[in-house]
**Student:** 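Submitted below is the structure of interest, expressed as structure tokens.
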Amino acid sequence: MKVSIGIDGADSPRGGCTTHALYRLLKGLLKEGYVGRILDYPYLVRLNPSVPFKTRGNGAVALKFELRREPEELVPFVVGAIEEYLREVSGRVDGVGLAIVFGDYDGELSQIYYEALTDYVHRSRIEGLIEGSNGRLVLPMGLNRGCVGALAAIGWPATRFTYELLVHRSSYLTPREALVDLGKLASVDLDPRYRTFCTFDPEVCRVVAIPRGPDPVLLGLRGLDPEGLVEALEYLGISKGIEGWIIFKTNQATGDHYIPRASRDMKPFRTGCVAGEVTSVRSVLGGDVELRINDGFGSLVAYVFKESGLTGIARSLVRGDVVRLCGTVRYWEGVGGVLHVELLEVVDLAELYVKRNPVCPACGARLKSAGRGKGFKCVKCGYRTRELEPLLQPVSRGVSRGIHVPSCGGAKHLTIPKPLADAGTYIPEQAPVGRISDFY
Ligand SMILES: [Zn+2]
């Protein structure tokens with residue numbers, strides 16, 4: 001029988017990590033003979049980053065396999081393993097989301113994945129899912145907020161994905177930098193055999209693969225090919241201080257949360273993309289840029305933050321440009337919903353002109369104004385005219401059409417980072433775009 005286990009929130013500010021909890025659980029399940037065939041890589045699913053109630057990193061995990069022992073034995077074993085993990089590593093006992101699904105219920109759960117990815121999910125949604133499951137879905141540690149993530153991880157359809165190899169360290173005491181050759185880490189992405197990305201960000205000269213804080217993760221190698229990740233790990237040659245490693249299939253770096261929306265649907269705590277015409281561009285104190293766009297349904301306030309590396313492009317936009325902005329909508333006191341931009345696509349550029357005086361038809365010199373309302377005069381040959389109009393000369397804009405995304409260092413978990421965007425990987429679906437006038 002097929003079994004899916006989803007977990008969310010097994011970490012705490014004191015330590016632990018949901019990926020590590022799944023690693024320990026999987027080892028236990030294999031040792032005790034529960035696992036017949038593993039149906040896919042374990043899933044690591046990042047969910048809506050703008051929801052206020054969430055766990056650190058906002059990641060949930062899931063595991064799918066053919067069960068070899070009795071379902072009645074599995075539930076207490078999983079609960080015991082999670083409780084042991086919480087006691088020993090995380091130092092907390094409540095609020096962990098644990099969901100177990102017997103048989104196939106993935107199709108029904110895929111909807112909850114998209115909701116938890118792009119919107120706010122109320123817990124009553126879960127009550128409905130339990131009722132509709134005919135006993136296939138059980139929540140052995142109770143119904144809590146973490147169950148949303150646990151179910152979303154099981155329901156993830158995994159149509160767009162990358163991989164992450166996570167190395168767990170055996171002790172928090174040794175600094176991570178002492179266990180890994182940073183020089184090798186900085187060069188991994190340069191070898192195309194490994195198909196890794198965002199191990200190191202050359203633009204800010206920073207290792208991105210090593211997290212900070214009291215976390216059992218020593219490092220995470222992101223890539224497009226699981227075998228390449230194993231080869232990259234061998235190349236790094238980490239020989240001490242590690243408990244083990246595990247490869248997850250993940251929605252990270254896929255921009256899966258960039259669903260097309262109208263401006264009026266970009267409510268606080270939602271994610272998505274809006275395409276429209278720029279109506280104002282304003283530089284804000286501190287280096288951020290405020291954009292206002294109108295998509296024909298209304299206007300939207302968007303902020304491009306310095307950390308995204310996109311402020312240069314945002315600042316060079318003018319009224320009349322057509323852009324697509326993707327990201328998460330936060331609630332700002334006194335303002336309402338504000339889109340925090342993670343992807344900026346320049347769809348169409350407004351034509352800008354400078355006025356230039358015409359050329360003298362008699363001698364070819366540039367004419368001068370003869371005074372307000374008096375036409376033009378030529379200082380070289382004395383020609384005068386009231387007939388000629390100023391010339392409109394197009395201005396080069398210095399900003400290119402196309403998709404602009406943050407470099408690895410400025411990218412968040414779900415954001416498509418620059419190396420993938422440059423390679424054309426996981427570019428979000430094109431939403432219908434146009435100028436305001438196209439809608440009437
Ligand atoms: Zn002249």
Side-chain angles (χ1 to χ4, degrees), residues 203 263 273-326 339 341 343-407 410 418 421-422 424 427 430-440:
E203 292 191 26
S263 58
C273 298
V274 173
E277 194 173 321
V278 175
T279 54
S280 87
V281 181
R282 191 167 71 88
S283 287
V284 187
L285 210 66
D288 306 328
V289 180
E290 183 202 85
L291 297 174
R292 281 170 194 264
I293 63 168
N294 190 310
D295 68 342
F297 295 104
S299 69
L300 180 76
V301 182
Y303 266 73
V304 180
F305 294 101
K306 215 162 63 179
E307 303 77 63
S308 70
L310 303 173
T311 47
I313 295 143
R315 218 171 278 125
S316 61
L317 294 171
V318 298
R319 210 184 153 89
D321 287 341
V322 176
V323 294
R324 180 160 63 130
L325 304 178
C326 304
L339 175 66
V341 177
L343 180 149
L344 192 168
E345 180 177 4
V346 179
V347 178
D348 197 12
L349 292 168
E351 289 179 345
L352 282 188
Y353 299 94
V354 282
K355 271 189 185 177
R356 290 202 70 186
N357 291 348
V359 171
C360 173
C363 77
R366 183 74 58 186
L367 294 172
K368 287 244 153 54
S369 169
R372 206 177 166 84
K374 291 180 181 160
F376 297 98
K377 64 179 180 188
C378 180
V379 286
K380 205 169 159 196
C381 72
Y383 177 85
R384 280 180 173 270
T385 176
R386 282 178 182 250
E387 305 299 312
L388 292 173
E389 295 288 328
L391 300 170
L392 293 177
Q393 200 168 61
V395 175
S396 159
R397 290 290 311 276
V399 52
S400 56
R401 285 188 180 82
I403 286 177
H404 304 275
V405 293
S407 73
K418 201 159 184 300
D422 289 350
I427 293 308
Q430 184 73 47
V433 289
R435 295 180 177 280
I436 300 170
S437 53
D438 296 343
F439 290 93
Y440 298 102

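Every number for a ligand or one of its atoms is a count from 1 in the order of the listing.
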**Student:** Test Ile293 against every option in Leu317, Val323, Asp321 by the side-chain contact (heavy atoms from CB on, under 4.5 Å) rule and name the one that passes.
**Tutor:** Val323

**Student:** Nearest 0.5 angstrom please: Arg292 CZ to Leu300 CG, how far?
**Tutor:**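 These two atoms lie 9.5 Å from each other.
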
**Student:** If you round to the nearest 0.5 Å, how far is CZ of Arg319 from OG of Ser280?
**Tutor:** 8.0 Å

**Student:** Check whether the side chains of Asn294 and Thr279 place a donor and an acceptor atom closer than 3.5 Å, and report yes or no.
**Tutor:**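 Distance-only check fails for Asn294 and Thr279.
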
**Student:** If you define the side chain from C-beta out and look only at heavy atoms, does anything of Leu388 sit under 4.5 Å from Pro361?
**Tutor:**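 Sidechains of Pro361 and Leu388: in contact.
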
**Student:** Just wondering, do Glu277 and Asp348 contact through their side chains at under 4.5 Å, heavy atoms?
**Tutor:**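 Side chain of Asp348 against side chain of Glu277, heavy atoms only: no contact under 4.5 Å found.
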
**Student:** Among protein atoms, how many N/O/S atoms lie less than 2.8 Å from the Zn ion (ligand 1)?
**Tutor:**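 For the Zn ion (ligand 1), protein nitrogen, oxygen or sulfur atoms under 2.8 Å: 4.
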
